[in-house]
Amino acid sequence: MSGGKLNNRRRMSQALSRVANASVVETLKNQKELPEETLYRIGITGAPGSGKSTIISNLVSKRVDNGSRAAVVAIDPSSPLTKGSILGDRIRMDTVSNNPNVFIRSIPSRRSHDGLADNTADLLWEMEGYEFDEVILETVGVGQAEYSVRALVDTVILVLLPESGDAVQAMKSGILEMADIYVINKSDLPGAELIAAEINEIVSRNTYSSDEWKPCVLSTSNKTLESFNLLNNAINEHREWRMKSIDKASEQRSRVRYQVQSLMNRRVEELLEIMPLKEFDGHPKEVYEKLMKKLLIK
Amino acid sequence: MSLEGKRILIAKPGLDGHDVGAKVIALALRDAGADVIYTGLRKSPDYIARVAVDEDVDAVGLSMLSGSHNEIVSETLLQLKELDASDIKIFVGGTIPKDDHAGLIAAGVSGIYTSDMAITDVLKEIELELRNA
Ligand SMILES: Nc1nc2c(ncn2[C@@H]2O[C@H](COP(=O)(O)OP(=O)(O)OP(=O)(O)O)[C@@H](O)[C@H]2O)c(=O)[nH]1
Ligand SMILES: [Mg+2]
């Protein structure tokens, strides 16, 4: 890479930080025009330690094989007490972290509790201008159903484990209705086939018309790297299906809806944080009114 | 004082395979409010500089026990310069003989923290150093 290009990389990196760190007011001030087309986005979610980062590493090394460029945004939780974080996803991405065609940015969840981070929507938006071919988003490890990632990406992959026990747990939490691709990872461990069959059965109980996407269920293991070929193929199939079937306008609507909701949630938190304690002495109704007034001040 | 909002890369260059010290400092920084990225073992200066730029960190802490700290530090500083990122601060920790301190500081290191220092003192110094940034 030439020196000029590298300087660009630093500038891009700093621009991303500015977006990630912006307050709600700053975010709204700096937002650009809505993009007509967005980069293809893959979202990977699943329980803590299920292998999301490891999968991304194996997957992305295949996807940039042809010289294309990928950006990875990996979110880890912030400590609610100290606000600090250990951003440890990159460590599991050894197969690609050395590849100049792969850009990895680790970010803390900060005030968000939905598996994403503050300003994730705007950060993905900012990624548009830098010659990436696609973006991969790793959520915080979530136990319960967290749907937010659904609103921001094109293809959702949910990672499950053999030791998730029986599939009832997964059914209860509702996560079996939100993903496009289900991956049973660590399929080198006992119990993988059983859970794959169970999940498959649950997913197949629905009938899908010919123009609907029928979610697929796959097994992966970092002990058999070929298993990621199947995942890669499934992603490409889903992408192709989307191109001819998705309603762009309704998708844009849900993205904007999510973005507005998360800005609003955060604005409320920002205001609550700076509200003097004595303002909470009183009836919830009065405090609510006070907060509403503050929200309206520009 | 707090390191809230500061991004710090803890890197482990060199050939030794002991990263307990690196992990302890990473956790202490996290508890002081920092967002801490850890590279894992045996990384080259070239790799460390690239990650520092991609992750847009405020500082890099190099944890070293192997004795080749002088070469590693000057190479890391050089690589950062090539990437137009000389403003990213470098801290050094581990077993660094007293005789080498002056040379490292002259080369551009912002702080040297040897294993005998109390971790609270290390945090204080890093906070001061990054606050002035
Ligand atoms: N046996 C086995 N272990 C795996 C496999 N994939 C990942 N692991 C291990 O599982 C652990 C967690 O992997 P990660 O990739 O960090 O999981 P994650 O979902 O990104 O974790 P969080 O980001 O912390 O939620 C690591 O120790 C991996 O080495 C696999 O296919 N088989
Ligand atoms: Mg991870």
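A, B, ... follow the sequence lines: proteins, then strands. Residue 1 opens every chain. The shown structure was predicted, so the numbers you read here are calculated from the model rather than taken from an experiment.
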Part of residues 83-99 of chain A lying next to chain B, heavy-atom separation under 4.5 Å:
A/K83, A/G84, A/S85, A/I86, A/L87, A/R90, A/I91, A/D94, A/S97, A/N98
Kindly check if the number of other-residue, nucleotide or ligand heavy atoms within 6.0 Å of CE (B/M117) is above 12?
yes
Steps toward side-chain contact (heavy atoms from CB on, under 4.5 Å) verdict (A/N21, B/R7)
CA-CA 11 Å; A/N21 295 333; B/R7 292 171 65 85; 5.8 Å; no
Per salt bridge (Lys or Arg N to Asp or Glu O under 4.0 Å), A/R10 is matched among B/D54, B/D84, B/D87 by B/D87
Partner residues of A/S61 under the side-chain hydrogen bond (donor to acceptor under 3.5 Å, both in side chains) criterion, sequence neighbours left out
none
Residues in residues 72-80 of chain B near chain A [non-hydrogen atoms, under 4.5 Å]
none
Main-chain N/O of B/G33 paired with A/T82 side-chain donor or acceptor, under 3.5 Å:
no
Counting only N and O atoms by type, is there a donor-acceptor contact under 3.5 Å from the side chain of A/S106 to the main-chain atoms of B/I37?
no
Which residues share a side chain to side chain contact (heavy atoms under 4.5 Å, CB included) with A/S262, sequence neighbours left out:
A/Y258
Measure distances from [X] to the heavy atoms of chain A and classify the residue's part below 4.5 Å as side chain, backbone, both or neither.
X: B/E55; value: both
X: B/A26; value: both
X: B/L27; value: both

Within the 3.5 Å criterion, strictly below it, is a donor on B/D56 or A/S17 matched to an acceptor on the partner's side chain?
yes
